[in-house]
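What you see is a predicted model; the values in this text were computed from it and never measured.
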Amino acid sequence: MPRFKSPAIASLLAVATALWAFPARGQSLPRTIREAQRKMVKIYGAGGIRGLEAYQSGFLISADGHILTAYSYVLDANTVAVTLDDGRKFDAALLGADPRLEVAVLKIDATDLPHFDFKAAATGELGTRVLAFSNLFGVATGNEPVSVLHGTISAVSSLDARRGAFESPYQGPVYILDAMTNNPGAVGGALTDYRGQLLGMLGKELRNNRNNTWLNYAVPVHELVETVEAISTGQSRVNREPRSKQRPEQPLRFADLGIVLVPNVTDRTPPFVDEIRVNSPASRADIKPDDLIVLLNGDLVQSCNALLNELRHLERDAEIHLTVLRGKEFREVTLQASSKD
């Protein structure tokens, strides 16, 4: 699929596409579009180097400021800024994320916001006419409405795609779209039907493994509901701070488990495994070098520092549960240090 690198071209395309698609439908569809745009947000965070955009899209799923978006490097920042459709700007808190689904939930301190009825989301089928809302190319920066593209669901299929050499960790069902949503900033946008009912969340910039073309897709909402509800109710978190200020007399160390992490070069060094000690709890659990530790006891850990800080608040003999990413496969392991190790 072609991709547009010029914001001006992309903006004109979006407007022209919308006008062309609905000339004889009166005001009902334009009103539907406008109502959906009011539920969209623009998200700004990390990026800005090596061609990485520091922005993406998201949408409100509660009147109290819960925002659903894609989990990406943009959220890996001390401050994530959110701009609403009316131009108001907020600092957002990252409530939690699930890297397996590549989904995240943000929260801003606001009330009475227009939002999508997340739990009542519809299901799309082959041929369903759809609208894709996003801040592609970062065209909207204030109270400008986000762009909207129209198209249809051309297929419902399992995701088989990659970005560079990395396979997408999510391989579940997706809506394949004939709209060109695979553009910078579009990830995390909303897919609706022509009545404005939420169908899915726009996916990342990925290439199809089968033919190497850019893939335009959205993850169905019903694939995300359980995870999003868990995050929103505090069952899954991001460990920016230890949950307890008290430390045990003998805290757990990775050395007790036989795990050596990669050198902690920066505050955000990802927690990759560098080495596994022979005959250690980690070796018996089949953890291997180059595994990426993603979750500790169900909580997202984004760096070596975050992981080590959390360990310092666990007893040395505590049983822990790790989720590691090996290639494109997630593995769940349980570990416990013993006096013999």
Side-chain angles (χ1 to χ4, degrees), residues 28-29 31-43 56-72 82 84-85 95-98 100-108 112-136 145-159 168 170-179 181 186-204 215-233 235-236:
S28 60
L29 191 51
R31 279 200 296 270
T32 297
I33 292 173
R34 188 68 193 106
E35 289 175 2
Q37 287 173 321
R38 292 190 179 99
K39 304 169 185 175
M40 301 297 300
V41 304
K42 306 107 177 179
I43 299 172
Q56 63 184 46
S57 303
F59 49 92
L60 292 156
I61 55 173
S62 83
D64 297 325
H66 291 83
I67 296 167
L68 180 61
T69 187
Y71 179 58
S72 78
V82 167
L84 302 183
D85 176 78
L95 292 188
D98 189 331
R100 294 165 293 194
L101 290 172
E102 298 192 299
V103 63
V105 178
L106 305 179
K107 177 73 169 61
I108 60 173
D112 298 326
L113 299 175
H115 63 280
F116 288 104
D117 189 349
F118 186 70
K119 295 182 180 179
T123 299
E125 299 177 347
L126 178 65
T128 298
R129 302 179 73 182
V130 295
L131 301 168
F133 298 86
S134 73
N135 190 24
L136 57 86
V146 299
S147 300
V148 55
L149 302 172
H150 79 97
T152 59
I153 294 176
S154 58
V156 181
S157 174
S158 297
L159 185 63
S168 169
Y170 176 71
Q171 299 176 13
V174 294
Y175 299 132
I176 306 297
L177 309 174
D178 66 358
T181 59
V187 62
L191 185 77
T192 77
D193 61 17
Y194 269 30
R195 293 187 294 175
Q197 296 182 111
L198 185 64
L199 295 177
M201 183 184 73
L202 299 184
K204 294 185 174 181
L215 191 61
N216 301 290
Y217 71 97
V219 181
V221 168
H222 57 76
E223 293 290 323
L224 308 176
V225 168
E226 183 176 351
T227 294
V228 171
E229 287 186 342
I231 294 173
S232 300
T233 55
Q235 299 176 42
S236 178

Do [X] and [Y] make a side-chain contact, defined as non-hydrogen atoms from C-beta onward lying under 4.5 Å apart?
X      : Y      : answer
Ile153 : Leu177 : yes
Ile33  : Phe133 : yes
Leu29  : Tyr194 : yes
Leu84  : Ile108 : yes
Leu191 : Tyr217 : no
Val174 : Leu215 : no
Leu224 : Asp98  : no
Ser158 : Gln171 : no

(request) Mark yes or no for whether Asn216, through its side chain, and Thr181, through its backbone, hold a donor-acceptor pair below 3.5 Å. (result) yes
(message) Looking at Tyr175 and Gly124, would you say the former's side chain and the latter's main chain have a donor-acceptor pair under 3.5 Å?
(response) yes
(message) If I take atom CG from residue Leu131 and atom CG from residue Leu199, how far apart are they, to the nearest 0.5 angstrom?
(response) 9.0 Å
(request) Measure the CD-CG distance between Glu226 and Leu101 for me, rounded to the nearest 0.5 Å. (result) 9.5 Å
(request) Just jot down the ring-ring contact (aromatic ring centres under 6.0 Å, His included) partners of Phe116, sequence neighbours excluded, or say none. (result) Phe59
(request) Identify, with sequence neighbours excluded, every residue that meets side chain to side chain donor-acceptor pair (under 3.5 Å) alongside Thr152. (result) Asp178
Taking side-chain contact (heavy atoms from CB on, under 4.5 Å) as the test, write out the residues that go with [X], two or more places apart.
X      : answer
Lys42  : Tyr44, Thr83, Asn135, Ala140, Val146
Gln197 : Ala122, Asp193, Arg195
Glu223 : Tyr170, Pro173, Val219, Pro220

(request) Of all the heavy-atom pairs spanning Gly58 and Met40, show the shortest one and how long it is. (result) O-CE, 3.3 Å
(message) I'd like to know whether Leu106 forms a side-chain contact (heavy atoms from CB on, under 4.5 Å) with Val41, so could you lay out the CA-CA distance, the side-chain angles of the two residues, the decisive distance to 0.1 Å, and finally the verdict.
(response) CA-CA 11 Å; Leu106 305 179; Val41 304; over 6 Å; no
(message) Using a strict threshold of under 4.0 Å (side-chain N to carboxylate O), is an ion pair present between Lys39 and Asp117?
(response) no
(request) Take Asp85 and Arg34 through the test side-chain contact (heavy atoms from CB on, under 4.5 Å) and record every step on the way to the result. (result) CA-CA 10 Å; Asp85 176 78; Arg34 188 68 193 106; 2.9 Å; yes
Considering only distance and modelled atom types, tabulate donor-acceptor pairs under 3.5 Å from the side chains of residues 60-71, sequence neighbours left out.
residue : atom : partner : partner atom : Å
Ser62   : OG   : Asp64   : N            : 3.2
Ser62   : OG   : Gly65   : N            : 3.3
Ser62   : OG   : His66   : N            : 3.1
Ser62   : OG   : His66   : ND1          : 2.8
Thr69   : OG1  : Gln56   : NE2          : 2.7
Thr69   : OG1  : Ser57   : O            : 2.6
Tyr71   : OH   : Gln302  : NE2          : 3.4

